[in-house]
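Written below as structure tokens is the structure these notes are about.
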There are 2 protein chains.
Amino acid sequence: MAEEIGERAQHLLKVLVESYIRNGQPVGSRLLARDSGLDVSAATVRNAMADLEELGMVSSPHTSAGRIPTNKGYRMFVDSLLTVKPLTDREIMTLNGQLGVDGSNQELAASVSDYLAGMTEMAGMVMIPRTAKRSSLRHIEFMPLSDHRILAILVINEKDVQNTVIRVDRQYTTAELQQAANFLNSELAGRELFDVRHRILKELRETKDGMEQMMHQAISMAEQVFEQPASKSNADDFILSGQTRLMGFEELSNMEKLRGLFEAFNEKQEILQLLDRCLDGDGVQIFIGDESGYGVLDECSMVTSSYQVDGEVLGILGVIGPTRMAYERVIPIVDVTAKMVSAALAQSK
Amino acid sequence: MAEEIGERAQHLLKVLVESYIRNGQPVGSRLLARDSGLDVSAATVRNAMADLEELGMVSSPHTSAGRIPTNKGYRMFVDSLLTVKPLTDREIMTLNGQLGVDGSNQELAASVSDYLAGMTEMAGMVMIPRTAKRSSLRHIEFMPLSDHRILAILVINEKDVQNTVIRVDRQYTTAELQQAANFLNSELAGRELFDVRHRILKELRETKDGMEQMMHQAISMAEQVFEQPASKSNADDFILSGQTRLMGFEELSNMEKLRGLFEAFNEKQEILQLLDRCLDGDGVQIFIGDESGYGVLDECSMVTSSYQVDGEVLGILGVIGPTRMAYERVIPIVDVTAKMVSAALAQSK
DNA sequence: AGTTAGCACTCGCAATATTAGAGTGCTAAA
DNA sequence: TTTAGCACTCTAATATTGCGAGTGCTAACT
């Protein structure tokens, strides 16, 4: 491209973004000339600003205000200009304290989300994907409820519990259910959920000719349990905390926008789709403003990272805050948190 | 009291409140004289207003605005002046459609909360008290997790499931746990939770001299399960929906206040204490503005009612909205909803 | 070439004035 | 007790103004 950005222009953009992030005020040429550390006059800076404006990196709210970064400007900033500020030992200690290895995954996620929110003063989030690929079924158990409803309890990964209610065509006795569970446990326990869902059940169904009545029924129960994407667990796999902090930001004081954002949080659906997109990416990923494509996030940025064990992505965590956030601080926080969560999970395996 | 309020003054107060609720504008004497239907002049109304102001029923935001009701004025209005507006058949039908009898209590509560929020255009809430007195234990089951942790599963009321993780001093085999569960089931199943918690376990502990080792262990497990106020279920027994609607109200546009309110929603604690206070009351109960004593609710009113089966209060439901809400509509909605939920629960028993 | 100083110009913001209108309280008469 | 009349108060909306910040452009300088 002919429209390469010069060394100095880059540096000016960097200083401008930093200044704007700090003060929230448009940055004028005079101030910028002084703060840049460069030995140039305001007029020179103005020329550079004109160039940056042409490239869409900055814009002025109106004629006689300074410049503010555009989303594209922020993007350039985080991609190539930013100098991250490593965490202090103290901050790392705090996190370590929170990562108890002995809670359920839900509890772990909640405490990590809190930590992220607390450290960044924004909203923290942790997502556990619906089908964590490496999940293995430890145990299945049935319990009769009223009428033709049966409670199925799955223990997954030695740690997490999932309840599902299924409906059947007749009443079953506790003993019958016990028998069915025994059968299924012998066939399925220890397998990975993914396998159970897609392979094992099919296999069983196909070879069931010689089986007795009870087994047939056990299999069809299991199908019900595993088929549905588990509406309840679906809702539980995204934990958000500290949303209310977002109400403190100037740039989110528009009630309409804010309301849209909170409704999106309640729906969860849109946010989840967005996070799904991060699953493949490596390291810290950032959505700035409207890059996400979701209108409600227009004034926001998301900084996310996946956490993983043995190279296998287990989920996504990160923060949501106003576009004007302290990236140089937030990015290492998210990065380190993801790594420590990964480590903690690996250890508890 | 000498400061009795005259017939006419009452009527004027009523019309004033109604007008203010409709338009959100301070009501002046001229308008009020016309709308009241009374054949009096504005000056007369002004005199009456002066009296009402002295009694603390109304106040003017400033010298030359009309009057608006104070909390005390609202209180008088809802207590003795209000003429409720019964629900249309159509509205009742909608509710009936939502009250599926076959979901869990959690699901039922969620759908009722949605209904309340939708009908009133405010926030709906449903609370299931921690210890629903009439809950009886149907079944208890243990399942080994990793290390010294055991999952206890309670089935309550043929419908609801509760998981609790307990910690024990050594590993137990599935068979051992089975045995413990069998023992506990034979002793506890069918009992009311309240009894289990306070009486039965104590009783068992006291007479355990002749028992074998296993029983001892079973009892101490049960104690762990029932002792803790079940931190998880504690969080789950209050369902709020439509909070974001509150962001649309003029009177809640102060971000500080609003944030406080949403934080209270997240904490749940304060709100729950408030709802606890409604448990004894009969019929629809209303907190207006600062009557609740919680600062965050200063600009809000809560309209609640208990729902019950066989005269036994099972929980509280209601709505939260700005003090300036259409009480004559909201009150019957909450009232009828509570009655229909009661009926639905009685039927499903 | 790139850099700088100078300068006219634009724009937003805050402070100040002005006005219209709504509503009050009081007084005196009905 | 009620009413009409009237002076008064206060708000909210609408100009008017001056100030300061910051720009873009041009012409001179290195």
Side-chain angles (χ1 to χ4, degrees), chain A residues 2-13 15-17 19-20 22-70 73 250-251 253, chain B residues 2-13 15-17 19-20 22-70 73 250-251 253:
Chain A
E3 33 167 69
E4 200 71 19
I5 303 179
E7 187 79 11
R8 185 169 61 203
Q10 288 204 9
H11 181 244
L12 285 174
L13 178 57
V15 177
L16 182 142
V17 174
S19 168
Y20 182 67
R22 238 193 338 274
N23 309 314
Q25 300 273 325
V27 188
S29 54
R30 187 164 16 244
L31 182 71
L32 189 51
R34 216 165 21 75
D35 284 5
S36 67
L38 268 47
D39 195 14
V40 293
S41 78
T44 312
V45 172
R46 280 203 281 280
N47 289 332
M49 285 300 109
D51 296 347
L52 286 175
E53 184 149 17
E54 204 156 348
L55 292 174
M57 295 295 181
V58 298
S59 72
S60 357
H62 56 82
T63 331
S64 84
R67 304 301 214 291
I68 61 176
T70 60
E250 194 59 39
E251 41 269 86
S253 54
Chain B
E3 32 168 69
E4 200 72 18
I5 303 180
E7 186 80 12
R8 185 167 62 202
Q10 287 203 9
H11 181 241
L12 285 173
L13 178 58
V15 176
L16 182 143
V17 175
S19 167
Y20 182 67
R22 238 192 339 275
N23 310 313
Q25 301 272 326
V27 189
S29 54
R30 187 164 18 244
L31 182 73
L32 189 51
R34 214 164 24 76
D35 285 6
S36 69
L38 269 46
D39 196 13
V40 293
S41 79
T44 312
V45 172
R46 279 204 281 281
N47 290 330
M49 285 300 109
D51 296 348
L52 286 175
E53 184 148 15
E54 204 155 351
L55 291 175
M57 294 294 182
V58 297
S59 71
S60 359
H62 57 82
T63 330
S64 84
R67 303 300 213 293
I68 61 176
T70 61
E250 194 60 37
E251 41 270 85
S253 54

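A, B, ... follow the sequence lines: proteins, then strands. Residue 1 opens every chain. Keep in mind it's a predicted model, so treat the numbers as computed, not measured.
Listed pair B/Arg46 / D/dA4 fails the phosphate criterion, with no side-chain N or O lying under 4.0 Å from OP1 or OP2. The side chain of A/Arg67 contributes an N or O atom lying less than 4.0 Å from OP1 or OP2 of D/dT23.
Taking the side chain as every heavy atom from C-beta outward, B/Ile68 and B/Ser59 approach each other to under 4.5 Å. Under the 4.5 Å side-chain criterion, counting only non-hydrogen atoms from C-beta, B/Met49 is in contact with B/Leu16. A 4.5 Å side-chain heavy-atom check between B/Val58 and B/Glu53 finds at least one atom pair inside the cut-off. Side-chain contact between A/Leu38 and A/Arg8 is present, with heavy atoms from C-beta onward closer than 4.5 Å. Looking at B/Asp51 and B/Asn47, their side chains never come closer than 4.5 Å, going by heavy atoms from C-beta outward.
Of all heavy-atom pairs spanning A/Pro61 and A/Pro26, the tightest one is CG-CG, 4.1 Å.
A/Ala43 comes within contact range of at least one nucleobase, with a heavy-atom separation under 4.0 Å.
Taking only distance into account, the side chain of A/Ser64 meets the base of C/dC11 through a donor-acceptor pair shorter than 3.5 Å.
The A/Thr44 side chain lies nearest to C/dT3 when the options are D/dT2, C/dT3, D/dC10.
Rotation axes derived from the C1' atoms of the five outermost pairs at either end of the helix from C/dG2-D/dC29 to C/dA30-D/dT1 lie 20° apart, to the nearest 10°.
The distance from atom CD1 of A/Ile68 to atom P of C/dG12 is 14 Å, rounded to the nearest whole Å. Counting to the nearest Å, the P atom of C/dC26 and the CG atom of B/Asp51 are 12 Å from each other. At whole-Å resolution of the value, CE in A/Met49 and P in C/dT3 are 13 Å apart. With rounding to whole Å, B/His62 atom NE2 is found 13 Å from D/dA13 atom C1'. When rounded to the nearest whole Å, the span between CD of A/Glu7 and P of C/dT3 equals 13 Å. Residue B/Asn47 contributes atom CG, which lies 11 Å from atom P of D/dT1 at whole-angstrom precision. Across the protein-nucleic acid pair, B/Glu53 atom CD and C/dG23 atom P stand 15 Å apart, rounded to whole Å.
Taking OG1 of A/Thr44 as the reference point, atom CG of A/Leu32 lies at 11.0 Å (rounded to 0.5 Å).
Listed by residue number, the members of residues 25-42 of chain A with any heavy atom below 4.0 angstrom from DNA chain C are A/Asp39, A/Val40, A/Ser41.
For the pair B/Thr70 (side chain) and B/Met57 (backbone), a donor-acceptor distance under 3.5 Å is present.
Listed by first and then second residue, the side chain to side chain donor-acceptor pair (under 3.5 Å) pairs that reach into residues 23-36 of chain B are B/Ser29-B/Arg46, sequence neighbours excluded.
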